[in-house]
There are 2 protein chains.
Amino acid sequence: MNIGELARRTGLTHSRIRFYESAGLLKTVDRRPNGYRTYPVETVLVLELIATAQRAGFSLDEIRTLLPPDLENWRHDALIEALHRKVAEIGALQTRLDQSKAQLVALIDEIEAKPNDMDCTANARRVLSNILGKEVERPTMTAGDVGRRDKIKPGRAHKTS
Amino acid sequence: MNIGELARRTGLTHSRIRFYESAGLLKTVDRRPNGYRTYPVETVLVLELIATAQRAGFSLDEIRTLLPPDLENWRHDALIEALHRKVAEIGALQTRLDQSKAQLVALIDEIEAKPNDMDCTANARRVLSNILGKEVERPTMTAGDVGRRDKIKPGRAHKTS
DNA sequence: CTTGACCCTCAACTTAACTTGAAGGTTACG
DNA sequence: CGTAACCTTCAAGTTAAGTTGAGGGTCAAG
């Protein structure tokens, strides 16, 4: 079949299919005398497999190294190992996401838990110091002089401000 | 302070800090007579805040629209809303990851659950047909003729093969 | 013979978030 | 004075996974 029909059957674009070929995911494609690419039916499966693997989080690079030249001759051990690795990777990502989410939720709570008698500015400082885990100094003197403490620590190789 | 010390204090690279400035995250930076950038101490906080927000999944674009010109004057409502949106986004991503992970685990099981009396080729077909949710025809005749069924459905505008 | 639907190649563009490099000014030390 | 450690700008490179466009063949119908 021509690339147009393959595209229709798989839902991919022409350019994407050609790109996969150039990326080495599609092993030498046959040509008709006029130069048109011609594909065997299995190619539909291969492309669907690629798309599925991508959705599962595999990069094209990973997919290329795992895809066998022949759909029925998988490198069994490497495949199983890659699947396990990917599961672990997803797990790690989930852990990070759990943390991020918890942090965001905590932040929301904290912002909304402003004591009635506290003004917004003070609350901003309070929240800020909490999320960054450090003291946030309140600007005391006329703004513009903050950080203008020159000549402190004349130790070699770098000045402060 | 100079960019070098800011970099040391935040753990970011010089180039990254300059990049943030050019990306509009750092509002006009003061210069010394010699052209060197000079930063007030708060910049350390701003940069740490940016890094933290990034870790939580915010893009620089999002961060820019949320960062107030002044660290103590947040756009409260927009911020809260953005935080809620991000939490929801993370939730959606987690759902997708759960699915991917489950699919991968199922795939591993399936590959390893090959009946003793089935050969690898047949198992590959079985597994393949399961993950793609369709029948995978076994190659019957001499390979090379598969998909060469011409002239079926002569419907206008595109030929098969 | 023209029109329209196909197909081809190859280079350049896209996005995000930076990095790298070239070319050069500034400052401090010895 | 040299040199090392700073700092400057600006352009171009990086990665992934494609997309877009220019310029040009092919093929069947009317």
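Every value quoted in this text rests on a predicted model; they were computed, and no experiment measured them. To find a chain, count down the sequence lines: A is the first, B the second, and so on, and within it residues start at 1.
- By the 4.0 Å N-to-carboxylate-O rule, B:D61 lies close enough to B:R64 to be salt-bridged with it.
- Between the P atom of C:dA17 and the CD atom of B:E21 lies a distance of 18 Å, rounded to the nearest Å.
- No salt bridge links A:E21 with A:R18; every basic N to acidic carboxylate O contact stays at or beyond 4.0 Å.
- Results of the side chain to side chain contact (heavy atoms under 4.5 Å, CB included) test with B:T10 over B:T43, B:V44, B:V46, B:L45 single out B:V44 as the only residue that passes.
- The side chain of A:S59 has D:dA17 as its nearest neighbour among C:dC18, D:dA17, C:dA17.
- Nearer to the 5' terminus of DNA chain D, by closest-nucleotide assignment, is the contact made by A:D61 (compared with the other of A:D61 and A:Y36).
- Considering only side-chain atoms of A:I3, the nucleotide from D:dC7, D:dG18, C:dC8 that sits closest is C:dC8.
- Separating the CG atom of B:L26 from the P atom of C:dA17 is a distance of 15 Å, rounded to the nearest angstrom.
- For the pair A:R31 and C:dT9, the criterion of a side-chain N or O lying under 4.0 Å from OP1 or OP2 is met.
- Between C:dA17, D:dT26, D:dG18, one nucleotide has an atom nearer to the side chain of B:L60 than all others, and that is C:dA17.
- Put simply, CG on A:L12 is 14 Å from P on D:dA17, counting in whole angstrom units.
- Applying the 4.0 Å criterion to OP1 and OP2 of C:dA16, one finds that B:Q54 has every side-chain N and O outside that range.
- Here the CG atom belonging to B:L79 is positioned 6.5 Å from the CH2 atom belonging to B:W74, to the nearest 0.5 angstrom.
- Residue A:R37 places at least one side-chain N or O under 4.0 Å from the OP1 or OP2 atom of C:dC8.
- To the nearest angstrom, P of C:dA16 lies 13 Å from CG of B:L25.
- Remark: B:T13 is in phosphate contact with C:dT19, judged by side-chain N or O atoms under 4.0 Å from OP1 or OP2.
- Between A:S15 and the phosphate of D:dG18, there is no side-chain N or O to OP1/OP2 separation shorter than 4.0 Å.
- Spacing between atom CD1 of A:I17 and atom C1' of C:dC8 amounts to 15 Å, rounded to whole angstrom units.
- At D:dT8, none of the side-chain N or O atoms of B:N34 fall inside 4.0 Å of OP1 or OP2 (strictly under the cut-off).
- In this structure, A:M1 atom CE and C:dC6 atom C1' are separated by 16 Å, rounded to whole Å.
- Between A:N2 and C:dC7 there is a side-chain N or O to OP1 or OP2 distance below 4.0 Å.
- Regarding B:L6, its CG atom lies at a distance of 11 Å from the P atom of D:dT8, rounded to whole Å.
- Here A:Y20 reaches the OP1 or OP2 of D:dG18: one of its side-chain N or O atoms lies under 4.0 Å away.
- The pair B:K86-B:E89 counts as a salt bridge, with a side-chain nitrogen and a carboxylate oxygen less than 4.0 angstrom apart.
- Between A:R8 and the phosphate of C:dA5, there is no side-chain N or O to OP1/OP2 separation shorter than 4.0 Å.
- Atoms CZ (B:R32) and P (C:dT26) sit 14 Å apart, rounded to a whole Å.
- Nucleic acid contact for B:R18: base, since at least one base atom lies under 4.0 Å from a heavy atom of the residue.
- Atom CZ of B:R9 and atom CG of B:L6 lie 8.0 Å apart (nearest 0.5 Å).
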